[in-house]
There are 2 protein chains.
Amino acid sequence: MANQLNRLDQIFAALADPTRRAIVMRLCAGEASVGELADPFDMALPSFMKHIHVLEVSGLVESEKSGRVRTCRLSPDALVGAEDWFQQQRAIWEARLDRFEAYVMKLKKERAAKRPSRTTKKKGSE
Amino acid sequence: MANQLNRLDQIFAALADPTRRAIVMRLCAGEASVGELADPFDMALPSFMKHIHVLEVSGLVESEKSGRVRTCRLSPDALVGAEDWFQQQRAIWEARLDRFEAYVMKLKKERAAKRPSRTTKKKGSE
DNA sequence: CAATTGGTTAGCCATAGAGCTAACTATAGG
DNA sequence: CCTATAGTTAGCTCTATGGCTAACCAATTG
């Protein structure tokens, strides 16, 4: 219950760990078995498997077992989902910058029009 | 010592929490005081301040205090840095897809050239 | 079939994370 | 000067996370 966190939570949490980021980077270059993935890391296998599991739960990675080897691959949808979040924020941010710039422009024009000889009206916000 | 984690670790960890993501989203729309930021959240102030602190340490947010009010603003560099990570991964991923596509093309051509009348050689990897 | 290889399960431990209350500091306003 | 406002510090809980070992399948391979 109440444990159904947002998918973004899990994606970002997954990517917050350098080991897991390295795994994702590795998988960007193509699928690999658990053993191959684990090899570069100085870590006991069960610990490593936990990372794989976190990545799977987050939706970043999927895997399937054939014989006794489990092959992992990247599931790019989740990555793209997270990337989208950034782009949305950037869009909002840039819109704000535009508005701000427009505001500054307006101020400049007003300043050019009225000579600053009398008490200027107090500015509202921002 | 050894506690000098990668900046990406901290950025992703910061963004893994819905409260903090909401703060970042709010700040995309313009700077705000701690009180204003905290208002929508049903959380004690000290708890909330911890989130602000995490965001500051990650470099996503910066703040300054004037009088008794602390004003927070987004520091977009960190956001962009994280976004870059995604774009790099996507670039690698897409390069791989291209290579894979090229490989498939090559296979097709070879298949078209040699007639499959005799035992086809076993494929190596990928 | 026996031994190896490749993963998996179970369970332990230490630390970090997210929340709380209570008490404190420091400005702003009356 | 007194009080209310806006943060801040200190210190406590509880859970989640990241690591380990030991023991355990289940496919290969000799």
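A note on names: the letters A, B, ... follow the listed sequences, proteins ahead of strands, and every chain is numbered from 1.
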What is the distance, rounded to the nearest whole Å, between atom CD1 of A:I52 and atom P of C:dG6?
15 Å
Honestly, is B:R90 close enough over B:W93, meaning NZ or CZ under 6.0 Å from the six-membered ring centre and within 45° of the axis?
no
CE of B:M49 versus P of C:dC24: gap in Å, rounded?
19 Å
Criterion side-chain contact (heavy atoms from CB on, under 4.5 Å) against B:V61, the qualifying member of B:H51, B:E56, B:R73:
B:E56
In whole angstrom, what separates A:D39's CG from C:dG7's C1'?
15 Å
Separation of atom CD in A:E64 from atom P in C:dT8, rounded to whole Å:
13 Å
Quick one: do B:R70 and B:E64 make a salt bridge, cutoff under 4.0 Å?
no
Expressed as a whole number of angstroms, how long is the span from B:L55:CG to C:dG17:P?
13 Å
Donor-acceptor check, side chain of A:Q10 to backbone of A:R7, threshold 3.5 angstrom: yes or no?
no
Below 30° counts as parallel, above 60° as perpendicular, anything between as tilted: where do the rings of B:F86 and A:F86 land?
tilted
Please state how far atom CD in A:E36 lies from atom P in C:dT5, giving the value in whole angstrom units.
16 Å
Nucleotide by nucleotide, nucleotides 17-30 of chain D touches protein heavy atoms under 4.0 Å in the pattern (B base, S sugar-phosphate only, - none) -BBBBB----BS--
Give the intermediate values and the outcome of side chain to side chain contact (heavy atoms under 4.5 Å, CB included) for residues B:C72 and B:I52.
CA-CA 9 Å; B:C72 305; B:I52 299 276; 4.3 Å; yes
